[in-house]
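The structure appears below as structure tokens.
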Amino acid sequence: MTTNQLLFGALPYAVVLLAVMVTIVRWRRLPFSVSSLSSQLLESRKLYWGSVPFHWGISLILVGHLLALIIPSGFELWNGESVRLFLLEATGLGLALWAAFGITVLIARRLTSDRVKAVTTPMDVVVLLIIAVQIVTGIWIAVGYRFGSFWGTSVFVPYIRSLIVFQPAPEYVDPLPWVLKSHVLAFYAFVAVFAFSRLVHIIALPIQYLWRPWQRVVFMRKPSGVYHPAAPRPQDQGSKDHEPKQLTDQSASK
Amino acid sequence: MSVAMSDPPPRATIELRSKIIGAVVFVMLAAAILIALLSVGSASAQGSGEGATIYADKCASCHQADGSGIPGSFPPLKGNPNVADTAHVESVVQNGLSGPIDVNGETYDSDMPAVTGLSPAEVTAVSEYVASLAAGGEETTETTEPQPAEPGGSAEGQKMFTGATRFDNGGAACAGCHTAGEVGNFGGPGLGPDLTNSVENLGGEAGLAAWLKAPPAPTMIPIFEDKPLTDPEIADVVAFLADAPDQEKADDAFDWMLLAGAIGTAILLGGMAVAWRGMRQTYRERMRSRT
């Protein structure tokens with residue numbers, strides 16, 4: 001058992017399991033803590049310049065990473081032409097620099113705004129630092145170890161896939177420069193603190209907004225048996241006063 | 001308390017439940033780590049073999065199956081007095097060797113990377129086998145692969161290098177990590193070294209071809225172990241790399257990609273500034289600005 005096998009063969013399973021199990025426990029026991037506990041009401045101007053570039057930049061780059069994991073040969077075909085390789089890498093770098101700008105603003109805001117400082121926990125700072133390491137090493141790789149979108153399909157894609165099929169192959173990572181290893185380890189740190197930090201808000205993204213009815217107007221419901229002082233109890237049958245009334249156009253315009 | 005609402009479970013039940021959940025989490029975590037350790041351990045236990053088997057796997061592509069080497073590129077091991085000492089061979093296997101060496105009056109000057117993925121017992125086994133070659137050596141049954149029949153030449157090799165033509169076995173395109181000749185990196189360093197002078201560095205085209213047969217660089221081993229280049233592909237890539245020193249070098253004086261990325265970020269931030277001007281103040285801010 002070498003250090004490499006421990007860090008890149010065993011650790012990923014430990015952190016993923018930790019994240020899943022503790023998140024389930026947290027969701028069951030403290031459902032209202034599954035949130036980022038927004039500080040937008042306390043400070044919004046810096047938040048705009050921090051949160052928007054950071055979230056859009058990091059999300060799009062995450063999508064790029066996942067796409068490479070799903071269709072690596074698509075990336076290889078695309079990168080076979082040097083103009084396309086340039087466009088893909090420059091786009092990724094542009095988004096990464098945008099996200100780096102955002103996280104810099106967010107860190108500065110956390111540490112300087114008195115109102116935000118009042119609600120900041122140590123874990124908030126840890127999360128920001130982990131993500132900062134993730135972004136900085138990512139930019140470092142993009143600039144200094146070209147081309148991640150090209151060699152990644154032969155190094156990290158088989159590595160991550162080996163983890164997914166429970167046949168870990170950490171030897172892919174062993175000979176790589178420490179910057180690349182740090183990028184991977186920062187992600188495992190990210191997963192490790194996921195359930196214990198504001199990061200859980202990622203799974204609370206209100207995507208049901210995409211398919212819920214866009215407008216629903218409810219004037220009054222029939223009582224469903226749940227006690228409410230204004231609604232009739234089930235045994236109070238007979239009195240017409242408690243019948244639910246459908247509002248008509250005339251009554252609404254009064 | 002309403003008749004419709006069910007009573008919450010007593011406090012003791014809640015505490016018991018959370019203890020059970022905690023125990024389940026702990027057990028599963030321990031089991032997952034154990035499984036991961038075992039699977040990693042079993043993977044690393046594979047690959048044990050006799051010295052000759054390891055030699056065929058790790059050494060024969062450059063030093064040849066019979067240990068005769070490649071003149072000008074890779075020194076012979078058969079009849080080489082330098083490798084008679086097993087301890088010396090072990091050191092070379094584990095640490096690699098570079099710089100000029102003298103073998104039976106011939107000078108060799110190419111880089112041998114350390115051989116990775118061997119257990120200490122395997123290092124000893126292969127070193128003893130190599131030392132046995134020094135004394136004249138036993139012939140192995142494997143023969144050198146035949147040379148390609150119809151190579152596509154330098155132009156086809158360049159397409160394979162950049163990834164425009166993919167390798168048959170799905171190996172990674174060279175340009176993912178390397179530059180060579182007119183194939184550049186838009187002004188920055190790659191993961192791997194520049195290969196413009198690789199033919200010269202490996203002592204000739206035969207040396208480079210042998211090297212590509214089973215690339216021994218640690219980063220490349222897991223990539224090409226199961227996806228080796230075919231002989232015609234090797235011939236084409238070698239033809240391109242042989243041409244590379246004569247090609248006009250790619251203009252890497254300025255980092256165009258960093259510039260393009262920075263411009264992209266500037267455009268995004270500019271768009272945000274425009275969007276911010278269009279954003280209304282919050283109701284609270286409007287109220288405050290009136291007073």
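Per chain, numbering begins at 1; letters A, B, ... match sequence-line order. Below, all heavy atoms of this structure are taken into account, side chains as well, without hydrogens, waters or symmetry copies.
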Pick from A/Ala142, A/Ser82, A/Ala99 with the largest number of heavy-atom pairs that fall under 4.5 Å of chain B = A/Ser82
message = If I measure from the heavy atoms of chain B, does A/Pro177 come under 4.5 Å with its side chain, its backbone, both, or neither?
response = side chain
A/Phe101 portion near chain B, given a 4.5 angstrom heavy-atom threshold = side chain
query = Relative to chain B, which segment of A/Ser73 carries a heavy atom at a distance below 4.5 Å: side chain, backbone, both, or neither?
reply = both
message = Is it the case that the side chains of A/Thr153 and A/Glu76 hold a donor-acceptor pair, with the cut-off being a distance below 3.5 Å and no angle test?
response = yes
request  = Tell me yes or no: between the side chains of A/Thr2 and A/Asn4, is some donor less than 3.5 Å from an acceptor?
outcome  = no
ask   = So, does A/Tyr48 use its side chain to make a donor-acceptor pair with the main chain of B/Met272 at under 3.5 Å?
value = yes
task = For residues A/Tyr13 and A/Phe166, establish whether the separation of their ring centroids is below 6.0 Å.
result = yes
task = For residues A/Gln134 and A/Ile61, determine if any side-chain heavy atom of one lies less than 4.5 Å from a side-chain heavy atom of the other.
result = no
key: Side chain to side chain, A/Ser39 and A/Arg109, heavy atoms closer than 4.5 Å   = yes
inquiry  = What part of A/Trp56 gets within 4.5 angstrom of chain B, counting heavy atoms only: side chain, backbone, both, or neither?
reply    = neither
ask   = By a 4.5 Å heavy-atom criterion (distance strictly below it), what part of A/Leu180 contacts chain B: side chain, backbone, both, or neither?
value = side chain
note = Whatever's closer than 4.5 Å to a heavy atom in chain B on A/Glu81 counts as neither
task = Using only heavy-atom distances, determine whether the side chains of A/His55 and A/Ser51 contain a donor-acceptor pair under 3.5 Å.
result = yes
Residue A/Leu176 versus chain B: region with a heavy atom under 4.5 Å = side chain
key: Part of A/Arg45 lying under 4.5 Å from any heavy atom of chain B   = both
